[in-house]
Amino acid sequence: MKIAIIGAGYVGLTSAAVFAKIGHKVFITDKDGEKISLIAVGKIPFYEKGLEELAKKMVLRGMLNAIESTEKAVKDADAIFICVGTPTKKSGEADLSQVFSAAKEISKYIKNGAVVVNKSTVPVSTAEKVRDLISKNTNAKFYISSCPEFLREGSALSDTLNPSRIVIGANTHYAKKILVKLHERLPGERVLTDLRTAETIKYASNAFLAAKISFMNEIANLCESSGANVSDVALGMGLDPRIGKSFLNAGIGYGGSCFPKDTRALHSVATLHKYDFKLLKAIIEVNQLQKRRFLDKIEIALGNLKTKRIGALGLAFKNNTDDVRESAALEIISMLMKRGAKVSAYDPLASENAKKILPNLTPRKKPEDVFEKADCVLILTEWPEFKDLAWAKLKLKMHRPLIIDGRNLLNPSKMRKIGFKYISVGRP
Ligand code: UGA
């Protein structure tokens, strides 16, 4: 089939490369011409493991075509995917302007029989609004569907090649049939449902994962008073298959371009429908408080932060990505700087992006650099390589041997044996 993809971000570009790999002819377009020029020569505009190699291969084979013209991409496409951003408005609700402007563009060129597929994360009933908007501008008979994306940054390619499920939402048999066919070479359960349910599955999944994290953060906070160990609690809970082992890591709160935005947007949807979603409000509040609580720990350990030298390991919102959107690490560093601390930070991938948000921060080239005369070193992103630092040697560089681990990455007894004062989240 011929597929058009509007939007070359994580979702659009990963989907494009995977659809090309499974035999579809893909045309990807984006309003950012620089992104398109990069992809056209087999490069990608962000870091994502394995994606550049696959994209390049598909470009060379002529299966993945990055073009600036929406007309060329859309005009004889069998399926047109909307994969644009849905950022948060000040009010918390999702800003759908990019979705609607993509729909308007599509309406100019769409052919008879095409299926428009929304992959952007959107509030319930958006697909119907997209349908109405396109209908106003075209006489072509087209079909609308919602096919939410569940990939994670850092493992986007393997998640898309091995999806746990493919959710296909449509109110017509024809759209469902085309989407089933389009995905036939991918594994995973199929969930065939209506438009509104598919849209709700996406928000509900992200909010539920956020709930797991906020719940464990509260258990961790309780463990700090009761003397229990949250890591063992998570292990003991996670072995119950009804609970599952993943997303039980306590820390400094979730970040990224999805959970914070999508929990706020779902809350707005609930408010719009006059539903008081109490649990969701608590999930969001606990996440915000978790960062404050971490800051309190630093202040209790160091006293007044003015002129204190603090080393920070990690800037990205999680490991394996250079993305710093709504990164808890950056929020904590910014609060420390506001309190007068001198922060020196390192991240294996995210330094350039972090500088755009915190221009006063000069990220260091090596993790070792942040230990120089430090009053304390923080672990803010769960990069596994931080585990293997030469901790005993690095201790000698510090002004005082204090580690505050916001990701429970290190082994407490090992750190104490080396001679560190070691504080983590919910572990005695
Ligand atoms: C999330 C979902 O996991 C994907 O399924 C979804 O497709 C995606 O949002 C999206 O809507 O596009 P992502 O934002 O890439 O993916 O990152 P996650 O791996 O989910 O992590 C989110 C945050 O939670 C990170 O800050 C991470 O450090 C934190 N986290 C995760 C914890 O604090 N504890 C955990 O146990 C797990």
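Computed from heavy atoms alone, side chains included, the values below leave out hydrogens, waters and symmetry copies.
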- Task: Decide if atom OH of Tyr47 counts as having more than 12 heavy atoms of other residues, nucleotides or ligands within a radius under 6.0 Å.
- Result: yes
- Should we count CZ of Arg416 as having more than 12 external heavy atoms under 6.0 Å? yes
- Do Asp159 and Ser155 have side-chain N/O donor and acceptor atoms under 3.5 Å apart? yes
- So, Glu199 and Arg196, do they make that salt bridge, N to O below 4.0 Å? no
- Message: Can you see whether Lys49 engages Ser158 through a side-chain donor-acceptor pair at a distance of less than 3.5 angstrom?
- Response: no
- Query: Can we say Glu53 and Lys56 salt-bridge, meaning some charged N sits less than 4.0 Å from an Asp/Glu carboxylate O?
  - Reply: no
- Message: side chain to side chain donor-acceptor pair (under 3.5 Å), that's the test. Do Asp405 and Tyr422 meet it? Break it down for me.
- Response: CA-CA 8 Å; Asp405 182 352; Tyr422 175 78; 2.6 Å; yes
- Would you indicate whether Glu34, at its atom CD, is surrounded by more than 12 heavy atoms from other residues, nucleotides or ligands within a distance under 6.0 Å? no
- Item | Atom NZ of Lys181: over 12 foreign heavy atoms under 6.0 Å | no
- Message: What I want to find out is whether Asp323 reaches Arg325 closely enough, with some N-O distance under 4.0 Å, to be called a salt bridge.
- Response: yes
- Please determine if Arg427 and Asp232 form a salt bridge, counting it only when a charged side-chain N lies under 4.0 Å from a carboxylate O. no
- Task: Would you indicate whether Lys397, at its atom NZ, is surrounded by more than 12 heavy atoms from other residues, nucleotides or ligands within a distance under 6.0 Å?
- Result: yes
- So, are Arg309 and Asp375 salt-bridged, with charged N and O less than 4.0 Å apart? no
- Message: Given 3.5 Å as the limit, does a donor-acceptor pair link the side chain of Lys202 with the main chain of Glu149, or not?
- Response: yes
- Message: Please check if the number of heavy atoms outside Glu385 that lie under 6.0 Å from its CD is greater than 12.
- Response: yes
- Note on the structure: The reported gap from CG in Leu402 to CG in Leu378 (rounded to nearest 0.5 angstrom) is 8.0 Å
- Query: Among all residues two or more places apart in sequence or in another chain, which pass the ring pair (Phe, Tyr, Trp, His ring centres under 6.0 Å) test with Phe371?
  - Reply: Trp391
- Query: Taking 4.0 angstrom as the limit, do Glu372 and Arg364 come out as a salt bridge?
  - Reply: no
- Heavy-atom donor-acceptor pair, Ser120 side chain to Thr86 backbone, under 3.5 Å: no
- Interatomic spacing from CD1 in Ile6 to CD in Gln98 - rounded to 0.5 Å: 12.5 Å
- Crowding at NZ, Lys291 (>12 non-hydrogen neighbours, <6.0 Å): yes
- Are Glu105 and Lys31 ion-paired here, with the side-chain N under 4.0 Å from a carboxylate O? no
